[in-house]
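Proteins come first, then strands; the chains are lettered A, B, ... in the order of their sequence lines, and each starts at number 1. These figures come from a predicted structure and were not determined experimentally.
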Number of protein chains: 2
Amino acid sequence: MKNKNIDIYKIADEAGVSKSTVSRVINNKAGVKDSTRKKVSKVIKDLNYKPNSSAKGLASKKTQTIGLVISDITDPFFAMFVKGAERKAMEANYNMMLANSHWVVEEELKCIQMFEEGRVDGILMISGGSEKRLDSYLNNLATHNLDIVVVDRKIENEKIPKLNADNVDAGYRATKYLIDLGHKRIAHIKGEDVASSDASRDRVKGYQKALAEAGIKDEIIYPGYFAREEANQATKKLMTEHPEVTAIFYSSDMMAIGGLKALKSMELRVPQDVSIIGIDGIEMAALMDPPITTLAQPAFEMGYLGMEKLIKKLNGEASNSHTEDVIFQMELIERDSTSKLD
Amino acid sequence: MKNKNIDIYKIADEAGVSKSTVSRVINNKAGVKDSTRKKVSKVIKDLNYKPNSSAKGLASKKTQTIGLVISDITDPFFAMFVKGAERKAMEANYNMMLANSHWVVEEELKCIQMFEEGRVDGILMISGGSEKRLDSYLNNLATHNLDIVVVDRKIENEKIPKLNADNVDAGYRATKYLIDLGHKRIAHIKGEDVASSDASRDRVKGYQKALAEAGIKDEIIYPGYFAREEANQATKKLMTEHPEVTAIFYSSDMMAIGGLKALKSMELRVPQDVSIIGIDGIEMAALMDPPITTLAQPAFEMGYLGMEKLIKKLNGEASNSHTEDVIFQMELIERDSTSKLD
DNA sequence: TTTATTCCCGGGAGCGGTCCCAGAAGGTAA
DNA sequence: TTACCTTCTGGGACCGCTCCCGGGAATAAA
């Protein structure tokens, strides 16, 4: 506004050197006499000069910022993921642009396209609906333009490094846990319905696998759309239509919390009448009454490692990414929402 | 990477016009024959051309992105604030860069300086410690370089539009509510201790005012640092040192939740033995057992309006900002964590 | 002292847009 | 037909930085 465009020339003048030299000291490059470097540094500091990042971006084709696309920042799992990602970004001196897709593919696409305008060196994205058109878009992007790392999405492209929680295993373990407690009528509130996320789908698979292994025929699955309120409704419906159910496995803690509320409202005691288990490991689940048993995902680490992977790729440090795909194991946290069936 | 720098010249060539014309249609400016506009648009679409935002930023001195600095994305209040801000940003076609300060002034400063490198048209910041050096930094920034809007911080500068919740009023009302229920021994768990945030400080004032008005002499104040675990500890300490207390006013819901846990662990029943009330109105508080009474802040609106105000300012639509400062009133949400004292 | 080498540093050509200005085309009035 | 507007369009000068290249100064080797 007011400031007389204090640019690199100004610094050069003031320090009695050329802009090239100033550029060198800014970027900490070799080939500058120590005394000159000091002199220039001083001027930079005195004038509080900040190199214009647009110009820098234009000339160097690097913006030092990465785009993060997530589903909903309001969800504690994603918030923690973002926190992890940000930590790494900060450490590596990257900025972060945030975009929420609100679980809808169109917005997800819109976010990505926004990032495509060269304002971002790479994209870190987590989950989202698993639609083929998004997949193909990502494929195209990855081969032509941007570096990208994807979390919680199974996409077949060796150019795109992936990080995934072992969701089949999680679904299996959650269900198995219930079975081991003696439950036989076990329902599952899954995430999305149509256009299901890969995570949700895999957890269903794990659920089915555990059931099959135990010789239990009845699969009882209701959609909860990864939302507390929906899960609340679903639980009511479920318990009305299947009063024989003694245990429910929710595909997220948030849904388990909604379910807990529904159960209470139906005068069903947890865990005496119904045992419940969630997935995610958000703080909130531990604060419920009763605290909810869950399989915890390392959200912070996922964010951190995802970002790390992306930055490495940007720096060309990526090795054979296909063999490098990371799989996170979830951790069972036993609390008081589950009990043995007599 | 692979793509042959498809730039504005390429489009111009392909469409048989000059880059100027292409620029005109990109930015939707007048003075282009309809047929030419169509032709150019088609080429742009066919080649999936995205104007480089660094170049754009350099030439136009506008980046169409704003920087958001908050304390902790993991806190539901901030998450909701961000969500509101993002909505408005999207609507106005702005991008958003996110930076967390983790409640420490140094990081806050660091974030702002990152944004200063011309990668951002303006800054929306919420709260943070109220230190003078930050204030003076912001003052300097606002008068020389960047547009900035500040939420939950009292800073004396007519160049900086402000949005504040009425924290004194909130503290007053929360305490008054307790008093009206017949409580006389009312403790307060405040936010920060030293370098207190303005919000925290004002709420304390409100607490004191209500007490004074009711002729209650004993001010019992402990710091909870706006953190659940700290508040948990503080509550235990408080109830040990002041077993006569029958009601506690927490400066945030998160702290009230921590306090609730402490109370339960001490075999104190809420609300029969101790009434508690929080501030913020986060979803989580409603899910506790018992649901916690609170004064809700319109977090989403605060984000939305803050962003709106900033964007207006960027567009030069700002009127006399000083008279324009917004004050939000909080809304009392009565739940089951408070009861009449017999 | 002369000749190489190395070390520093400056100049200039972009990077991909915006925007002002001037000129070509086409339309209208004298 | 000529003069004069309007409407469209093209050219070129930046925006502030990076990076390559070439030259001068300083130092080492001959």
Rounded distance (Å) that lies between atom [atom2] of [N] and atom [atom1] of [X]:
| X | N | atom1 | atom2 | value |
| --- | --- | --- | --- | --- |
| A:I11 | C:dC9 | CD1 | P | 17 Å |
| A:N27 | D:dC20 | CG | P | 13 Å |
| A:L58 | D:dG16 | CG | P | 12 Å |
| B:I8 | C:dG14 | CD1 | P | 18 Å |
| B:I44 | C:dG17 | CD1 | P | 10 Å |
| A:I26 | D:dT18 | CD1 | C1' | 10 Å |
| A:K38 | C:dC9 | NZ | P | 13 Å |
| B:K29 | D:dC8 | NZ | C1' | 15 Å |

Of A:Y9 and A:G16, the one whose nearest nucleotide on DNA chain C sits closer to the 5' end is A:G16

Could you verify whether a donor N or O on one side chain and an acceptor N or O on the other, from B:Y304 and B:E91, lie under 3.5 Å apart?
-> yes

Do we see a donor-acceptor contact under 3.5 Å between the side chains of B:Y137 and B:Q113?
-> yes

Has the side chain of B:S20 got a donor or acceptor atom sitting under 3.5 Å from an opposite partner on the base of D:dG11?
-> yes

From [options], nucleotide with atom closest to [X] side chain:
| X | options | value |
| --- | --- | --- |
| B:K33 | D:dC8, D:dC17, C:dG10 | D:dC8 |
| B:K56 | C:dG17, D:dG10, C:dC9 | C:dG17 |
| A:A59 | D:dG10, D:dC17, C:dG17 | D:dC17 |
| A:S60 | D:dT18, C:dG10, D:dG16 | D:dT18 |

Cationic N near anionic O, under 4.0 Å, B:K19 to B:D7 = no

If you measure from the Lys or Arg side-chain nitrogens to the Asp or Glu carboxylate oxygens, is any gap between A:E117 and B:K50 under 4.0 Å?
-> no

OP1 or OP2 of [N] less than 4.0 angstrom from a side-chain nitrogen or oxygen of [X], does that happen here?
| X | N | result |
| --- | --- | --- |
| A:K61 | C:dG16 | yes |
| A:N52 | D:dC15 | no |
| A:Y49 | D:dC17 | yes |
| A:S18 | C:dG10 | yes |

Tested for salt bridge (Lys or Arg N to Asp or Glu O under 4.0 Å) against A:D147, the lone hit among A:K62, A:K313, A:K312 is A:K313

Select base, sugar-phosphate, or nothing to describe what [X] touches, counting heavy atoms under 4.0 Å on all strands.
| X | result |
| --- | --- |
| A:K19 | base |
| B:T36 | sugar-phosphate |
| B:K62 | nothing |
| B:T21 | sugar-phosphate |

I would like to know whether A:F77 and A:I126 meet side chain to side chain contact (heavy atoms under 4.5 Å, CB included); could you show each step before the answer?
-> CA-CA 11 Å; A:F77 172 72; A:I126 176 162; 3.9 Å; yes

5'-most contact on DNA chain D: B:G31 or B:A55, nearest heavy atom basis?
-> B:G31

